[in-house]
2 protein chains.
Amino acid sequence: MIDIPQRHQGKRPRVTIVDVANGAGVHVSTASRALNPGTSHRISSKVVRKIEKVAEQLGYKRNTLASSLRTQKTGTIGLIVPNLSDPLFSPIIASVEERVAEDGYVTFVANSDYSPVKLRSIIERMSSQFVAGLVVASFELNDPSVELCLELGIPTVAVLRDPRHPRMSSISMDDVSGVQALVEHILDLGHRDISYVTPPLAASTAQNRLAGFNAATRLAKAAGCRFDVVEARAYDVAEGERIMAHMLASGLTSTAVLAFNDLLAVGCLVALKSAGISCPEQISLTGVNDLPFMNMLSPPLTTLHTAGRDLGLEGADLLMSLIKNLSQPIKRVLLTPHLVLRGSTGPVRKRGSDADPSPVAVQSGAITG
Amino acid sequence: MIDIPQRHQGKRPRVTIVDVANGAGVHVSTASRALNPGTSHRISSKVVRKIEKVAEQLGYKRNTLASSLRTQKTGTIGLIVPNLSDPLFSPIIASVEERVAEDGYVTFVANSDYSPVKLRSIIERMSSQFVAGLVVASFELNDPSVELCLELGIPTVAVLRDPRHPRMSSISMDDVSGVQALVEHILDLGHRDISYVTPPLAASTAQNRLAGFNAATRLAKAAGCRFDVVEARAYDVAEGERIMAHMLASGLTSTAVLAFNDLLAVGCLVALKSAGISCPEQISLTGVNDLPFMNMLSPPLTTLHTAGRDLGLEGADLLMSLIKNLSQPIKRVLLTPHLVLRGSTGPVRKRGSDADPSPVAVQSGAITG
DNA sequence: CTGAAAGCGCTTACAG
DNA sequence: CTGAAAGCGCTTACAG
C-alpha cells in the first residue's frame, strides 16, 4: 500500500530568489537589488518591473532567515511583560504590535512571570535570535538585566516599570502624583484613618505609589491622622482577598483602604463582601489601573487610569527611533494617570451618627483565605 | 570633539561556533555535533566536555537564524488571535506560550483583527519566517486560509473557532449544548419571551450558539413561547450597548436576553442601567465566556465558562504532536462549557403582580448609542 | 570518533 | 545599470 499522508500532501516547494532571477533572465544579485526598496532605484525600472512581475507570478516570499543572517539584522522586536494574563498588559501588547508593524517589524511576546531570572534568560534568548530591539515591562529597580541589554547592544525601552538606570529610557505613569491625588481625594472625603496595601518594593511602580502615599500623608500625619501600610506578597485578586481578611481579623480601624492596583482592590472587595462590610458606607476602597469592567463592579471602583495603549505606543515609538539611531539622549517620560472617581469611595461616616461601633467588627468565621 | 555614543557603547562581539571550535582545538563540525543534543553522543565525552566548557566560558549562544536556515526548521510557532485586547484571549496566549516552551519553542503572537484578509497575510508572513506550526483562533467557517496552511504544509491547529474543514484539527467549546443549557435554565425560570443577540454568522462560535438557541427553543416555540434573534455587527461592549438601546426603542417584549458573549452582555447591561430597567427583576441577562470580573458585576453575570487555558494547552499539545508527525488522524475536540449561574438571571415576574405594564416602556431620551 | 567541504538563501562590496 | 563572487553561521552527508 502506498502511504499517503492524511494532511498537507500539497506541500508546495518554496520559491527562492534564484527562481525569480532565472524566470526573469537576470542574475540573482540584480533580482535581490530589484526586490529591495533600498536598492531598487539602482536597477532600470524596466528590469525592476519584469522582476517584480515574475516574483509575483511565482509567489516569491523573501526568506527572512537568510536575509537576516546576511544583513545581521532582523525585522523582529521583543516585548516582555511580567504576566501575560493580567488585563493591564493587553492594550500594551496590542499597541506595541500595532506601532512596530507600521515600520515593518513583528513582535515576539514573552512572559517573565515576575522573575528576574526568567527575564534574563528571555533577553538572552531574544538576543540570540537577533531581535532589533526590546520593549520591557518587567524591569525591577536596579535590575541587572538592564546592564545585560546595554552590553548586548540591544536598543531597549522600559515601559510601565522604570528601572531608573541612567542609560535606559522609559515610559511610565506618574505614580507618585497619581496616588497623591488619590489620597487627597480620600482626605477631602473626611477620612482620617487610611491604609495602603503595597506589594514588595521590587519595581518602580510599587516604590512610587508608596512614595505618593507617604508624601500625601506626611502633613496630615502631623495633624493627627492615622495612616498604615500593609504588605502584600503578590499582585492578584486572591492576595487582595487574603490581605483584607487578615486586616479585618487584626482589627482594622481604617475607614478607607487604598490598594496598589485594581486586582488587589477587587480581592479586598470580595473579602469585604464576605465579611458583610459595605463599601463605601463602612470602608472606602480604591485601586490603580482602571482595568476593563472596573466601572461595572458593585460598587464601581474608584481608581487611577493607566493609559496602557499610550504606554505601548510611546514605548514602541521611542524604540523605533532608537533602532534608527542608538546615540540619542536618554528620555524618561511620565504620563499622567487621571483620577477616576466612582462609587467605591464616599464620605466618611459622621462619628456617632447611625451607630455601629468602630473599629469595624467582624466575626472570625466570616474571614476567608 | 570625539563623538561617544551615549548608550550601548559596550556592544560585545558575538561569539560564533568557530570561536568555540578554535578555543577547544577542534573542527567546527565537531563543535557543532558536541553542542547538539541529537548528535553529541557521536563525540567522545571527553571532547564534548571540553567543548561545552569553552562554549560556556566564551558565552557562546547558537545563532538560531543560521541554524534554522541550514536545517529548514525553526523553534518558533505562530499564534493568531482575532483581537489581542479581548480578555478572552489572555489565558489562551499564556497557556500556548507555556506549553510550547516545554518543547523549546517560542511563540509569535499576531492579531488578525477579525479580518480574513489580514489573517491570510499574517499566515504568509509567518510561513516565510518558517514557523514550525500555527495555532489559529481566528478562522472563520470555510475560511480560505485553512487551505493556505495546508498547501504551505504548516502544521496547524484551530482553537476556539472551528473552521469545520475535513483536514483541520480543532479544539473548541461545545457551544451548541452550552447555549442549549443556558436557554433551558431560562425556561426553567419561567421566561416565555426570550431574545438572543448574535453577531454575524462568520465563525463557528456564532453559528453554533445560534444553533443551540434554536434547538432549545424549537419545542417551546410550538408550545406558544416567543423567541427572537437580533443581529449585532460586532463583539464588543459598545455594540452591546447600541443593540440593547435599539431593542428597547423598538418595544422589546422579552423578559430575558441572551447575548453571544460577555462583552455584548455587559454592553446590554450598561444600556439597561441608563434606561432605568433593573436586571434581573425586569430583564434577565446572560453572556458567554465568563471573563474576569463577571462575578463582580452588579448584578453578577450568568454565563458559560470558556476554558481558555484548556483550549490553549490542548491546542498547543496537539500542535506539538502534529509537528512530530504530520500524518495523523484529524481530531475535532469539544470541551464542555459549564454553566455559571449568577445574579443576572432570575425568575420571571408573575403576571399581574407588582404592576408595571409590559412591554418594557422606556423614554426615548434615556436611550444611548 | 573526527575532519573537510558543501550548501541553506540571501546581500553587498568589487568590478566593469 | 548589471554580473561574479564571497560570506553571514550554522549542519550534515561523505570520507577516513
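Computation of the quantities below employed the complete heavy-atom set of this structure, encompassing side-chain atoms and omitting hydrogens, waters and symmetry-equivalent molecules. Every chain is numbered from 1 and lettered A, B, ... according to where its sequence line falls, protein lines coming before strand lines. Here the structure is a predicted model, which is why all the values come from computation and not from measurement.
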For [X] and [N], give me the distance from atom [atom1] to atom [atom2], rounded to whole Å.
X	N	atom1	atom2	value
B/Y60	D/dG9	OH	P	10 Å
A/N36	D/dT2	CG	C1'	16 Å
A/R42	D/dC1	CZ	P	10 Å
A/H27	D/dG3	NE2	P	7 Å
B/L35	D/dT12	CG	P	13 Å
A/N63	D/dC8	CG	P	18 Å
A/D19	C/dC10	CG	C1'	13 Å
B/K61	D/dC10	NZ	C1'	17 Å

* Identify which nucleotide among C/dT2, D/dT11, D/dC10 has an atom closest to any side-chain atom of B/R70, counting heavy atoms from C-beta outward. =>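 From the listed options, D/dT11 comes nearest.
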
* **From C/dA4, D/dC10, C/dC10, nucleotide with atom closest to B/A66 side chain** =>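 Nearest listed nucleotide: D/dC10.
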
* **Minimum-distance pair of heavy atoms, taken over all atoms of B/E314 and B/V333** =>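 Closest pair (atom of B/E314, atom of B/V333, distance): OE1-CG1, 4.4 Å.
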
* **Closest contact, heavy atoms only, A/P163 versus A/M168** =>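 In this case the closest contact between A/P163 and A/M168 is CG-CG, 3.9 Å.
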
Could you tell me whether [X] contacts a base, only the sugar-phosphate backbone, or nothing, with contacts defined as non-hydrogen atoms closer than 4.0 Å?
X	result
A/S44	sugar-phosphate
A/S32	base
A/F130	nothing

* Return the set of residues passing ring pair (Phe, Tyr, Trp, His ring centres under 6.0 Å) with B/F108 (not counting sequence neighbours), or none when no residue passes. =>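 Checked B/F108 against ring pair (Phe, Tyr, Trp, His ring centres under 6.0 Å); matches are A/F108.
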
* Asked: Considering residues at least two apart in sequence or located in another chain, which fulfil the ring pair (Phe, Tyr, Trp, His ring centres under 6.0 Å) criterion with A/Y114?
  ->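 Expected list: A/Y235.
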
* To do: Verify whether one side chain among A/N36 and A/R62 offers a donor that lies under 3.5 Å from an acceptor in the other.
  =>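 Their side chains do contain a donor-acceptor pair, which is all the 3.5 Å distance test asks for.
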
* Each stem that DNA chain C is part of, given as range with range (3 or more consecutive Watson-Crick or G-U pairs, under 3.5 Å) ->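 Ordered by first number, the stems with DNA chain C (at least 3 consecutive pairs each) read C:1-3 with D:14-16, C:5-12 with D:5-12, C:14-16 with D:1-3.
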
* Going through the distances and angles, do B/F130 and A/L65 end up as a side chain to side chain contact (heavy atoms under 4.5 Å, CB included)? -> CA-CA 8 Å; B/F130 292 88; A/L65 250 36; 3.7 Å; yes

Interface polar pairs with nucleotides 13-16 of chain D, N/O, under 3.5 angstrom:
from	atom 1	to	atom 2	distance (Å)
D/dA13	N6	B/R33	NH2	2.3

* Please step through side chain to side chain donor-acceptor pair (under 3.5 Å) for the pair A/S112 and A/S138, ending with a clear verdict. => CA-CA 7 Å; A/S112 73; A/S138 298; 2.9 Å; yes

* Asked: When you match A/T71 and B/L69 each to their closest nucleotide on DNA chain C, which lands nearer the 5' end?
  ->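 By nearest-heavy-atom nucleotide position, the 5'-most residue is B/L69.
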
* Asked: Below 4.0 angstrom from OP1 or OP2 of D/dT11, is there any side-chain N or O of B/S67?
  ->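 Affirmative; the distance criterion is met.
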
* Below 4.0 Å: OP1/OP2 of D/dG9 and any side-chain N or O of A/Q72 ->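 True: A/Q72 side-chain N/O within range (under 4.0 Å) of D/dG9 OP1/OP2.
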
Got a list of side-chain donor-acceptor pairs under 3.5 Å for residues 91-105 of chain B, not counting sequence neighbours?
from	atom 1	to	atom 2	distance (Å)
B/S95	OG	B/P91	O	2.8
B/S95	OG	B/I92	O	3.2
B/S95	OG	B/R309	O	3.3
B/E98	OE1	B/R309	NH2	2.7
B/E98	OE2	B/R309	NH1	3.4
B/R99	NE	B/D317	OD1	2.6
B/R99	NH1	B/D103	OD1	3.2
B/R99	NH2	B/D317	OD1	2.9
B/D103	OD2	B/K324	NZ	3.2

* **Residues which pass side-chain hydrogen bond (donor to acceptor under 3.5 Å, both in side chains) with A/S170, listed by chain and number, not counting sequence neighbours** =>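 Testing A/S170 for side-chain hydrogen bond (donor to acceptor under 3.5 Å, both in side chains), a comparison that skips the adjacent residues, returns A/D162.
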
* Asked: Between CG of A/N63 and CD1 of A/I17, what distance do you get to the nearest 0.5 Å?
  ->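 Separation between the atoms: 10.5 Å.
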
